[in-house]
Amino acid sequence: MNVLVINCGSSSLKFQLINSDTEAVLAKGLCERIGIDGRLTYQPAGGEKEVFEKAMPTHTEAIQFVIDALTNEKTGVVKSLDEIGAVGHRVVHGGEKFAQSVVITEEVKKAVTECNDLAPLHNPANLIGVEACEKLMPNTPMVAVFDTAFHQTMPEKAYMYGLPYSYYEKYKVRRYGFHGTSHSFVSKRAAEIAGVPYDQTKTIVCHLGNGASVSAVLNGKSVDTSMGLTPLEGLVMGTRSGDIDPAILEFIAKKENLDIEGLMKVLNKESGVYGLSNGVSSDFRDLTAAAAEGQKPAQIALEVFAYRVAKYVGAYTAAMNGVDNIVFTAGIGENVVQVREEVCRYLGFLGIEIDNEKNAIRGEEVVISTPDSKVKVMIVPTNEELAIARETVALL
Ligand code: ADP
């Protein structure tokens with residue numbers, strides 16, 4: 001079956017068409033500037049990337065262009081819509097309602113809408129993508145795959161904040177965690193690589209991308225993760241602060257004369273390694289170059305980033321009373337040798353030994369620890385689209 005995987009944002013839409021039997025990507029691309037003007041980037045497997053400027057007043061036009069490109073005589077990869085058997089949608093927040101992926105029904109859409117408060121930027125956009133697809137492919141089954149679902153196995157002690165209990169009762173203020181599709185995919189694959197049963201192993205996944213989170217996966221179940229009610233908690237990220245003393249908010253609000261919106265903008269967009277490096281960049285390619293040139297703020301940003309990751313790995317080792325596999329994934333985890341090296345240096349007390357030649361590999365599945373290392377450390381490239389396609393087929 002061919003599965004169209006959709007990741008819909010408020011003004012953008014990423015897609016991949018995946019053959020679920022061979023797991024090959026038939027075509028992929030991106031619609032941008034939806035509601036502004038519109039641009040479609042489209043790439044069939046083995047073909048050239050093409051960019052089309054097209055008016056996309058809404059997501060419906062965007063999806064129509066995606067379908068046109070996929071079925072087009074010249075660049076298309078399928079003859080007609082009939083060859084698309086299902087659509088898998090990434091949905092960011094499933095709240096406490098969804099511990100698994102689900103086939104989308106009117107009831108499901110209503111339940112997702114009820115989680116809008118928890119992810120006001122993402123969930124409404126995800127639903128718009130669902131409804132646009134429904135309009136154009138009314139007979140094609142659709143599945144929602146949630147970023148939060150994998151972490152619904154966290155115990156109360158991991159998901160409750162030290163806040164009045166009534167906030168949980170009234171507003172569901174608790175930790176949810178994100179990147180669940182990636183943490184699940186990567187931890188499963190790590191168990192396969194290690195040659196151990198997934199339900200009998202302790203894995204810590206470091207998903208280090210622009211957004212970054214660590215998870216503790218005990219016997220195949222997420223028992224803790226570093227993001228919380230929102231993706232702002234936890235690690236120092238590209239532009240997000242991660243954990244800070246909450247009293248900083250009042251302090252900075254007064255000093256800089258900022259309201260809540262202003263503060264949230266600082267924490268989400270102007271902090272992280274970008275803010276720490278004094279605005280050099282949120283991209284590790286620029287940061288490592290600036291650090292190598294001797295720029296102190298960039299050096300500090302890299303140090304703070306790795307130190308925070310190492311502290312979370314240490315904490316999750318305690319949470320699981322041990323760890324068998326530590327996995328690095330996503331843009332930074334897969335590509336930045338120096339980050340992996342530094343994180344593992346802090347973890348030497350666990351008996352971790354890294355093979356420097358293996359650790360110099362980027363973006364490939366590889367065990368980077370030595371055979372004598374007490375913990376297996378590996379790189380496992382994440383593939384959220386493939387994970388969504390697999391979930392979609394499994395449910396149908
Ligand atoms: P997201 O999906 O959250 O946008 P990604 O997982 O794609 O993030 O990671 C993007 C980040 O990964 C970039 O901002 C950059 O810091 C880092 N990155 C990606 N590729 C490389 C590379 N080849 N070398 C160094 N850093 C890289």
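In each ligand, atom 1 is the first atom listed, and ligand 1 is the first ligand listed.
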How far is [atom] from the closest protein heavy atom, and which atom is that?
atom: atom 23 (N) of ligand 1; result: Asn335 CG, 3.7 Å
atom: atom 16 (O) of ligand 1; result: Phe284 N, 2.8 Å
atom: atom 26 (N) of ligand 1; result: Val336 CG2, 3.5 Å
atom: atom 10 (C) of ligand 1; result: Asn210 N, 3.9 Å
atom: atom 5 (P) of ligand 1; result: Gly331 N, 3.8 Å
atom: atom 13 (C) of ligand 1; result: Asp283 OD2, 3.8 Å
atom: atom 17 (C) of ligand 1; result: Ile332 CG1, 3.6 Å

Measure the acute angle between the ring planes of [X] and [Y], then classify it against the limits of 30° and 60° as parallel, tilted or perpendicular.
X: His93; Y: Phe178; answer: perpendicular
X: His207; Y: His179; answer: parallel
X: Phe15; Y: Tyr42; answer: parallel

Candidate pair Glu61 and Thr58, rule side chain to side chain donor-acceptor pair (under 3.5 Å), full reasoning: CA-CA 6 Å; Glu61 287 84 12; Thr58 71; 2.4 Å; yes

Side chain to side chain donor-acceptor pair (under 3.5 Å) evaluation trace for Glu50 with Thr41: CA-CA 6 Å; Glu50 286 189 82; Thr41 307; over 6 Å; no

Check: Ser11/Glu32 side-chain N/O donor and acceptor closer than 3.5 Å: no

Backbone or side-chain N or O of [X] under 3.5 Å from ligand 1 N or O:
X: Gly211; answer: yes
X: His207; answer: no
X: Ala330; answer: no

Looking at the rings of Tyr161 and Tyr167, which for Trp means the six-membered one, are their centres under 6.0 Å apart? no

So which of Arg285, Lys14, Gln338, Met237 gets nearest to atom 25 (C) of ligand 1, if we judge by its closest heavy atom? Arg285

Among Leu235, Thr225, Val205, side-chain contact (heavy atoms from CB on, under 4.5 Å) partner for Val214: Leu235

With side chains defined as the heavy atoms from C-beta onward, is the minimum distance between Val367 and Lys358 less than 4.5 Å? no

Is atom 7 (O) of ligand 1 near the protein, in the sense that some protein heavy atom lies at less than 4.0 Å from it? no

Looking at atom 2 (O) of ligand 1, is any protein heavy atom nearer than 4.0 Å to it? no

